[in-house]
2 protein chains.
Amino acid sequence: MTTELIELPLQASADSGLSAALVRWREIVGDAYVRTDPATLDTYCRSMLPPKYRHRPAAVVLPESREQVRRVVQTAHEQGVALHPISRGQNWGYGAAMPPRDGMVLLDLRRMNRIVEVNAELGYAVVEPGVSQRQLADYLRDRGLPYILDATGAGPEASLVGNVLQRGFGHTPYGNRILNVSGMEVVLRDGSVIHTGFGEFPNACATHVFPYGIGPWLDGVFTQSDLGVVTRLTVWLFPRPGQITGFALKLDRADQLFPAIDVLRRLRMGGIAQSTVHVANDLRVISARRQYPWELTGGKTPLPPHIRQHLRRECGVGVWNLMGALYGTKAMVRAAAAEVRRAFAGIARVRFFDHRKLRLGQAVTGALARIGLLRGLAGTVESARSVYDLLCGIPSAEHLRGVYWRMRQPPRDLIAELGNTGGLWFSPVLPATGEYARQLLETLEPIFDKHGFEPLITMTSVTERALVGVVSVFYDADSKAETDAAAACYEELSAAAIARGFWPYRSGVQKPIRSPIRVSVSVQT
Amino acid sequence: MTTELIELPLQASADSGLSAALVRWREIVGDAYVRTDPATLDTYCRSMLPPKYRHRPAAVVLPESREQVRRVVQTAHEQGVALHPISRGQNWGYGAAMPPRDGMVLLDLRRMNRIVEVNAELGYAVVEPGVSQRQLADYLRDRGLPYILDATGAGPEASLVGNVLQRGFGHTPYGNRILNVSGMEVVLRDGSVIHTGFGEFPNACATHVFPYGIGPWLDGVFTQSDLGVVTRLTVWLFPRPGQITGFALKLDRADQLFPAIDVLRRLRMGGIAQSTVHVANDLRVISARRQYPWELTGGKTPLPPHIRQHLRRECGVGVWNLMGALYGTKAMVRAAAAEVRRAFAGIARVRFFDHRKLRLGQAVTGALARIGLLRGLAGTVESARSVYDLLCGIPSAEHLRGVYWRMRQPPRDLIAELGNTGGLWFSPVLPATGEYARQLLETLEPIFDKHGFEPLITMTSVTERALVGVVSVFYDADSKAETDAAAACYEELSAAAIARGFWPYRSGVQKPIRSPIRVSVSVQT
């Protein structure tokens with residue numbers, strides 16, 4: 001994930017500035033950690049994005065400590081070289097590890113992967129940008145700590161800090177991640193180091209638990225920002241509750257989505273559902289389980305409606321599918337589940353699942369599958385299991401399988417091969433009403449069809465009143481024609497959505513969006 | 001409440017700058033709304049604070065629209081005059097309407113009191129700074145809208161916007177107010193107007209429901225800030241749930257507080273208690289019901305332990321008292337209540353109350369009081385009722401009664417006479433553990449005693465992991481000696497707490513605390 005972007009303007013003296021900076025950086029981090037060789041730079045350009053959006057860095061610098069970051073940034077500032085920091089480079093459909101323009105220098109923070117502190121009493125972890133979801137989840141599991149981590153679908157290797165700084169979201173009660181962190185350590189553009197919240201005040205005891213500090217609350221300005229490099233962050237952990245019950249709705253008709261979203265909003269606003277709820281269309285769920293049915297379509301795209309319907313039946317998937325979870329004591333979850341069931345009555349039946357039920361389901365469907373029956377159901381159970389893992393804070397690579405939808409070959413390694421696939425993400429925000437959802441889909445769906453793609457869309461209730469859409473254009477990266485079509489489709493999708501007021505919650509290197517408001521931060525010395 | 005502070009440095013040419021500005025301001029807002037007469041300025045200096053902390057403004061300007069604010073601010077900028085904006089001036093123990101230094105010009109926003117929009121579907125209100133808690137609560141009640149407002153104890157006339165900008169807190173699930181707002185409209189120091197979040201993007205549909213927008217999230221930097229004047233804000237409303245059950249614990253021994261706070265933290269972190277929970281010592285509860293027992297102490301201060309114990313018995317109050325509420329469906333609240341009861345078992349019995357029980361209690365105690373019995377119990381029920389109102393989002397002036405604790409005469413009008421009372425608030429933040437609470441109290445309590453006061457302390461679980469203390473030094477403003485002692489006590493309390501790392505969550509004009517980090521915001525033109 002990209003941490004944030006330091007766009008110091010390249011000066012006229014850029015080349016000589018870069019040469020001088022490279023010399024200095026080699027002194028700071030060591031020769032082995034300043035890379036300019038083409039093979040290394042190539043690996044940083046690997047991406048799901050069409051070639052037209054790819055940018056090549058001039059060099060990569062890999063510091064291992066806050067002090068090294070400070071000196072590297074200071075040098076870049078003095079030499080007028082543009083730096084682009086990345087945490088672990090897994091910002092998939094938004095540009096992976098790539099800088100937003102050619103010739104910038106990547107500041108790759110993956111070596112800074114220390115879990116600095118885990119406080120078991122107050123439930124927080126202080127981490128560096130190189131710490132992955134898996135790393136912290138494993139740490140908690142191995143030590144038997146009674147906490148769950150908020151997990152995203154970006155895969156186990158994604159950086160926690162990078163995702164927070166992009167204002168990414170996960171699927172637990174702490175899914176709106178930016179509200180569940182505290183105490184940033186930031187290296188500013190001139191190399192000075194600051195701490196947000198109480199971190200700047202001597203001896204402060206509440207830095208990790210009360211983000212706001214005194215005076216202006218700063219954390220927000222370092223997200224989706226080019227104001228500094230975050231080198232340390234406190235991430236809050238959610239106490240593992242007595243009961244986690246997943247719930248799922250399959251909507252068999254497209255028009256059931258709209259009343260369902262109105263119900264979802266009321267459940268979220270009323271605190272009945274305390275975590276993000278995920279809404280996915282048929283193909284987004286199907287694509288997480290299987291690739292495009294080239295064999296059934298005779299190689300044609302986009303997917304004909306009758307085959308789409310066939311796949312829905314085969315995979316046991318609705319036209320739209322809602323999935324979320326309830327967290328608490330057994331009795332609290334039972335009471336919330338009753339309300340969820342009641343609220344959706346008349347729209348669809350809510351199915352509830354937990355660890356125990358899934359184990360049972362796996363045993364049953366495994367047995368049936370062995371005698372050749374109920375293949376679809378086994379897939380459903382397997383899919384529910386991987387979603388349930390995510391709801392329980394266990395990161396998994398499975399949710400990235402959809403990126404291979406239009407590829408002709410199945411992946412051998414889901415993450416290692418992502419750079420060979422084709423995918424673009426656009427993520428419009430909408431007020432959580434059926435009417436806005438209808439408008440958004442009316443805007444997007446015909447554009448997919450026009451360009452020869454089928455819509456793959458999710459909407460997640462990141463706040464109580466808003467949904468964040470993730471609109472995926474997955475394409476066969478081995479086909480030049482399909483790659484060009486994907487880029488054209490993406491451009492038209494995002495332009496059309498924005499024209500109707502559906503601005504995205506984050507932008508990728510393929511279409512950077514900048515606010516006209518300029519902020520600067522400095523330290524009084 | 002103070003909105004925020006524009007501290008443009010007073011130039012050498014200050015006087016002529018002010019004269020020129022006054023002329024220009026009279027053209028902008030009209031003669032009647034630019035006040036420099038001593039009588040008017042006097043009213044803006046009325047405060048609970050000791051005279052040594054009082055500052056007198058040079059003038060007061062009262063604009064009625066965003067456009068007037070823009071032109072007034074621009075004029076101040078051009079003329080080098082320092083402005084201090086206030087929303088409704090009810091920033092009680094932190095300085096009321098006063099500027100942070102002599103000679104600043106107050107920008108009083110009370111005339112901007114429009115409820116611009118209430119969206120009944122998405123549950124939000126767009127308000128100007130002059131809108132009071134009462135005004136919005138009445139609006140919702142009169143139209144039968146199924147929402148509750150988050151209410152603070154600052155009284156019905158306090159500004160919603162001003163309190164949010166000070167990062168104040170209330171007592172419902174939206175008690176951490178800064179997390180339940182969106183879409184600021186801000187006049188910057190140079191008079192340019194910006195909108196935070198998606199507000200800056202044409203046609204954006206999610207401005208009121210998704211605060212973050214795209215690019216740096218800015219709302220935080222306009223809180224406790226001197227970067228601009230917030231002229232409009234979206235405040236989220238909480239859907240009135242089927243059941244609101246208050247809960248209360250009376251702790252009979254001081255040492256029971258510490259395990260109780262550990263339990264409270266676990267309940268808050270686990271989402272069992274979804275709203276702020278208020279922890280108050282005996283005297284803070286008692287002071288909300290009656291004044292200092294001058295008659296029992298023979299006029300002596302501080303309060304002798306045996307009389308303190310007597311008052312506790314008389315008022316039915318514990319050494320420490322916890323109060324919060326559970327919100328949801330009846331079944332959810334019942335399940336959460338069971339968990340709350342279980343969690344505190346072994347510390348104290350939890351009492352639950354709601355509308356129905358309080359009505360019954362009032363009928364019974366009213367009858368008993370008429371025959372001269374159970375005066376203490378009636379007080380308990382009455383006090384529980386006013387707290388329950390607050391938990392239900394109904395603002396009340398009752399919670400300000402404590403400010404009269406050391407005064408010799410009872411107030412006729414709680415709010416109108418606050419300027420004649422004496423009070424100073426210091427609000428240290430602590431991690432929500434028994435151990436930190438013990439350290440804080442050990443630090444504070446002897447200092448109260450040393451200066452002839454008794455501790456009045458609350459701690460509120462504003463975030464899941466932290467408590468915000470409000471430490472009150474109430475004094476007899478008619479006594480010069482007691483006023484001086486209060487100031488000395490306050491200074492020593494805040495210095496001692498800060499030395500142990502307990503920094504406050506906000507500062508008042510009596511002791512401004514500034515972060516060394518400087519932020520600036522501008523618009524690219």
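Lettering of chains follows the sequences in order, A, B, ..., and the numbering in each one begins at 1.
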Please flag which part of [X] lies under 4.5 Å from any non-hydrogen atom of chain A: side chain, backbone, both or neither.
X: B:Phe198; answer: side chain
X: B:Thr463; answer: side chain
X: B:Leu122; answer: both
X: B:Pro512; answer: neither
X: B:Leu467; answer: neither

What are the two closest non-hydrogen atoms of [X] and [Y], and how far apart are they?
X: A:Glu200; Y: B:Ile517; answer: OE1-CD1, 3.8 Å
X: A:Ala499; Y: B:Asn203; answer: O-ND2, 2.9 Å
X: B:Arg167; Y: A:Gly213; answer: NH2-O, 2.9 Å
X: B:Val429; Y: A:Cys205; answer: O-SG, 4.1 Å
X: B:Arg265; Y: A:Glu121; answer: NE-O, 3.2 Å
X: B:Ala466; Y: A:Val209; answer: CB-O, 3.7 Å

Pairwise side chain to side chain donor-acceptor pair (under 3.5 Å) hits with a residue in residues 208-220 of chain B, at least two apart: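 Applying side chain to side chain donor-acceptor pair (under 3.5 Å) to every pair that reaches into residues 208-220 of chain B, excluding sequence neighbours, yields A:Asn176-B:Tyr212, B:Thr196-B:Asp219, B:His208-B:Thr234, B:Trp217-B:Asp219.
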Set of side chain to side chain donor-acceptor pair (under 3.5 Å) partners for A:Glu339, sequence neighbours left out: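 Here the qualifying residues are A:Arg342.
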Non-neighbouring partners of B:Phe426 that pass ring-ring contact (aromatic ring centres under 6.0 Å, His included), sequence neighbours left out: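 Here no residue qualifies.
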Whether B:Phe201 and A:Trp503 hold their rings parallel, tilted or perpendicular, with breakpoints at 30° and 60°: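 B:Phe201 vs A:Trp503 ring planes: tilted.
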Proximity of residues 329-338 of chain B to chain A, residues having a non-hydrogen atom under 4.5 angstrom: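 Hits under 4.5 Å: B:Thr329, B:Ala331, B:Met332, B:Ala335, B:Ala336.
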